[in-house]
Amino acid sequence: MIKWSEKLASNTSKPTELTEALIKYSKKLEKQGFPVIFDLAHLALILGIEKLTLASIVNSSSKFYRSFKIPKRRHNTFREINSPYPVLKKIQDWIKVEILEKIEMSHHCYSYRKNVSIIDNASVHLGNEVLYKLDLVDFFDNIKEDRILSIFLNCGYSYKVSYFLTSLCLLTTKLPQGASTSPIISNIIAKRLDKRLSALCSKYKINYSRYSDDITISGKFVPPFLRLIIKNIIADEDFIVNQNKEILINGLNKKKIVTGISITNNVLKIPRESKRIIKQEVFKFLKYDFMINPNEQEFDPYFTERLIGKLNYWINVEKGNENPIFLLRSVIEKNKLFMSRIIQEDFNS
């Protein structure tokens, strides 16, 4: 990486006021490990993209996305995904790796971070009598342009460069689901929320964690006044609580689910209904044709990979359970036979 502060200083014997300002600007970014960006033309050069193309994306990002809907767990409801075109995806991946991933995250956040998972998030709340769960409405949509702009300004970038970087991470005025930058931006924006809520919970000797838009709190007792303070802090941080998903479970042996994992009786497990669905998919996969979605009975080229992923997830949650290990072996063996058959058919043809 070019040390712009050194390059600028070495290229002039008598620095002008502008040169001194650029050296100071460069040093601030370099000290934190961020790439130095002077303007749009410089950013285009770094990215290896034509300046006019980059300017077009900055000024009209909506033209560089394709949108589609995927079903949510609730029937008849859908989530809109906005997937960037390759040129924009390349830019967002660069921003994510070179800038956003270098910003420190809250250790109370377990989503979209390396070396932590949904399993770690659930483990925080093992063995606690009371479980209090909150869901944030339209988590990504509530993160607006000014909040994203502040991220890049706090890194040390000029207002113009911060505006360019922000525009490249936005779809019109909102954070798009489908951009590689959106999850990590949401974590950075929610860092102050995590800090305030974790400090409050620590004061009352209770546990706090967040996985994306799911907030979980547990302990011996979570009194009503504390629950009200928690919701007030969330509102103060410009997030909205889904009142229909606010859950309080009281009792050591009561059924408790944290982000899809059962922690009832102080043991991590996959919920019974989830196991039933996975087993059903495995048995249909073994009995019928390959790459068939047993729920839709349609051709699904990624069904096998998804099924293997679900089984590996089950294995990771329930360490030592031989059942998902046996099912996984069966799926892999059948898939090997299928691939051998395909290769043989292609050879014979």
Side-chain angles (χ1 to χ4, degrees), residues 1-8 21-51 53-59 61 64-65 82-107 109-116 139-140 142-195 212:
M1 184 184 292
I2 297 173
K3 279 273 189 181
W4 278 102
S5 58
E6 295 176 4
K7 187 176 178 65
L8 288 165
L22 291 174
I23 291 170
K24 184 178 179 181
Y25 174 74
S26 302
K27 279 183 176 179
K28 186 176 181 180
L29 292 166
E30 289 166 354
K31 187 177 180 181
Q32 298 178 86
F34 298 127
V36 176
I37 306 168
F38 294 118
D39 52 29
L40 190 67
H42 187 208
L43 180 58
L45 185 66
I46 293 170
L47 295 168
I49 295 170
E50 291 291 331
K51 182 185 173 182
T53 302
L54 188 59
S56 178
I57 299 172
V58 167
N59 294 323
S61 65
F64 293 84
Y65 286 92
N82 298 288
S83 178
Y85 288 168
V87 63
L88 180 52
K89 184 181 184 306
K90 175 187 174 183
I91 294 168
Q92 290 173 342
D93 288 346
W94 184 88
I95 293 171
K96 174 178 175 282
V97 172
E98 298 298 331
I99 301 174
L100 298 174
E101 285 186 349
K102 294 175 181 178
I103 299 172
E104 187 178 357
M105 301 293 159
S106 166
H107 66 272
C109 168
Y110 291 87
S111 55
Y112 320 127
R113 285 180 56 215
K114 293 177 181 178
N115 304 319
V116 294
F139 185 50
F140 279 17
N142 281 324
I143 298 173
K144 304 300 183 185
E145 183 176 7
D146 59 333
R147 303 177 81 179
I148 302 169
L149 184 69
S150 68
I151 292 174
F152 297 111
L153 288 171
N154 289 334
C155 288
Y157 290 107
S158 68
Y159 185 89
K160 279 189 177 181
V161 170
S162 296
Y163 172 77
F164 299 145
L165 293 170
T166 298
S167 299
L168 293 166
C169 297
L170 282 174
L171 172 56
T172 58
T173 60
K174 66 180 184 179
L175 203 59
Q177 294 205 38
S180 62
T181 45
S182 293
I184 194 166
I185 284 174
S186 73
N187 277 348
I188 295 168
I189 296 297
K191 188 163 66 169
R192 193 169 69 176
L193 172 69
D194 293 333
K195 184 177 180 180
S212 188

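For reference, positions follow the sequence shown, starting with 1. In this text, all values refer to a predicted model and were calculated from it rather than measured experimentally.
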> Ignoring hydrogens and geometry, is there a side-chain-to-backbone donor-acceptor pair from Gln92 to Leu168 under 3.5 Å?
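Such a contact is found between Gln92 side chain and Leu168 backbone.
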
> Leu47 and side-chain contact (heavy atoms from CB on, under 4.5 Å): which partner among Ile37, Val87, Ile91?
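So, applying the side-chain contact (heavy atoms from CB on, under 4.5 Å) to Leu47 and each of Ile37, Val87, Ile91, only Ile91 qualifies.
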
> If you apply the rule side chain to side chain contact (heavy atoms under 4.5 Å, CB included), what do you find for Leu170 with Glu145, and how did you get there?
CA-CA 8 Å; Leu170 282 174; Glu145 183 176 7; 3.7 Å; yes

> Could you pull out the closest heavy-atom pair between Pro84 and Gly178, with the gap in Å?
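The answer is CD-O, 3.5 Å.
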
> Looking at Met105 and Ile184, what are the two nearest heavy atoms and their distance?
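Here Met105 and Ile184 meet closest at CE-CG1, 3.3 Å.
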
> Restricting to non-hydrogen atoms, name the atom on Tyr112 and the atom on Ser186 that form the minimum distance, rounded to 0.1 Å.
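Reported closest heavy-atom pair: CE1-OG, 3.9 Å.
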
> Give the minimum heavy-atom separation between Lys90 and Gly48, together with the two atoms involved.
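Nearest heavy atoms, Lys90 then Gly48: NZ-O, 4.2 Å.
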
> Less than 4.5 Å apart, side chain to side chain, heavy atoms only: is that true for Tyr163 and Val58?
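SC-SC contact between Tyr163 and Val58 confirmed.
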
> Is the backbone of Lys24 close enough, under 3.5 Å, to the side chain of Lys28 for a donor and an acceptor to pair up by distance?
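Side chain of Lys28 to backbone of Lys24, a donor-acceptor pair under 3.5 Å: no, none is there.
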
> Would you find a donor on one side and an acceptor on the other, under 3.5 Å apart, between the side chain of Ser162 and the backbone of Ser158?
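Confirmed, Ser162 side chain pairs with Ser158 backbone.
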
> Does atom NZ (Lys174) have a neighbourhood of more than 12 heavy atoms from anything else shown, all under 6.0 Å?
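Atom NZ in Lys174 is not crowded, with 12 or fewer foreign heavy atoms closer than 6.0 Å.
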
> Fit a plane to each ring of Phe38 and Tyr25, take the angle between them on a 0 to 90° scale, and name the class: parallel (under 30°), tilted (30 to 60°) or perpendicular (over 60°).
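Aromatic pair Phe38/Tyr25 classed tilted.
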
> Determine whether Ser111 and Asn187 satisfy the following criterion, side chain to side chain contact (heavy atoms under 4.5 Å, CB included), listing intermediate values before the conclusion.
CA-CA 8 Å; Ser111 55; Asn187 277 348; 3.4 Å; yes

> Quick one: pull up NZ in Lys89 and OG1 in Thr181 and give me the separation to the nearest 0.5 Å.
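Between Lys89 NZ and Thr181 OG1, I get 10.5 Å after rounding to 0.5 Å.
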
> Rounded to the nearest 0.5 Å, how far apart are OH of Tyr110 and CG of Asn115?
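The OH atom of Tyr110 sits 12.5 Å away from the CG atom of Asn115.
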
> Just how far is it from atom CG of Leu45 to atom CG of Leu40, taken to the nearest 0.5 Å?
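Reported to 0.5 Å precision, the distance equals 11.5 Å.
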
> Roughly how far apart are Ile151 CD1 and Ile188 CD1, rounded to 0.5 Å?
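Ile151 CD1 to Ile188 CD1: 4.5 Å, rounded to 0.5 Å.
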
> Determine the minimum heavy-atom distance between Ser61 and Ser167, stating which atoms define it.
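Reported closest heavy-atom pair: CB-O, 4.1 Å.
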
> What residues, two or more places apart in sequence or in another chain, satisfy side chain to side chain donor-acceptor pair (under 3.5 Å) together with Asp194?
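For Asp194, the residues satisfying side chain to side chain donor-acceptor pair (under 3.5 Å) (neighbours in sequence not counted) are Tyr208, Arg210.
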
> Just verifying a value: how many Å separate Ile95 CD1 and Cys169 SG, rounded to the nearest 0.5 Å?
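Going from CD1 on Ile95 over to SG on Cys169, the span is 4.0 Å.
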
> What residue among Thr166, Ile148, Ile103 forms side-chain contact (heavy atoms from CB on, under 4.5 Å) with Ile185?
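In the set Thr166, Ile148, Ile103, the residue that makes a side-chain contact (heavy atoms from CB on, under 4.5 Å) with Ile185 is Ile148.
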
> So does Lys160 have more than 12 non-hydrogen atoms from other groups sitting under 6.0 Å from NZ?
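Counting neighbours around NZ of Lys160, 12 or fewer heavy atoms of other residues, nucleotides or ligands fall under 6.0 Å, so no.
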
> Take Tyr159 and Leu149 through the test side chain to side chain contact (heavy atoms under 4.5 Å, CB included) and record every step on the way to the result.
CA-CA 8 Å; Tyr159 185 89; Leu149 184 69; 3.5 Å; yes

> Indicate the atoms forming the closest heavy-atom contact of Ser182 with Pro176, along with that distance.
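Closest heavy-atom pair between Ser182 and Pro176: OG-O, 2.5 Å.
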
> If you measure from CG on Leu171 to OG on Ser83, what distance do you get to the nearest 0.5 Å?
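Here the interatomic distance stands at 11.5 Å.
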
> Could you pull out all residues at least two apart from Lys96 that satisfy salt bridge (charged side-chain N to carboxylate O under 4.0 Å, His left out)?
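Applying salt bridge (charged side-chain N to carboxylate O under 4.0 Å, His left out) to Lys96 gives Glu101.
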
> Looking only at atom types and distance, does a side-chain atom of Lys3 sit under 3.5 Å from a main-chain N or O of Glu30, one as donor and one as acceptor?
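Checked: no pair found.
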
> Is the shortest side-chain heavy-atom distance between Trp94 and Leu43 below 4.5 Å?
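Yes; the side chains approach each other to less than 4.5 Å.
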
> What class does the angle between the rings of Tyr85 and Phe64 fall in, given that below 30° is parallel, 30 to 60° is tilted and above 60° is perpendicular?
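Geometry flag for Phe64 against Tyr85: perpendicular rings.
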
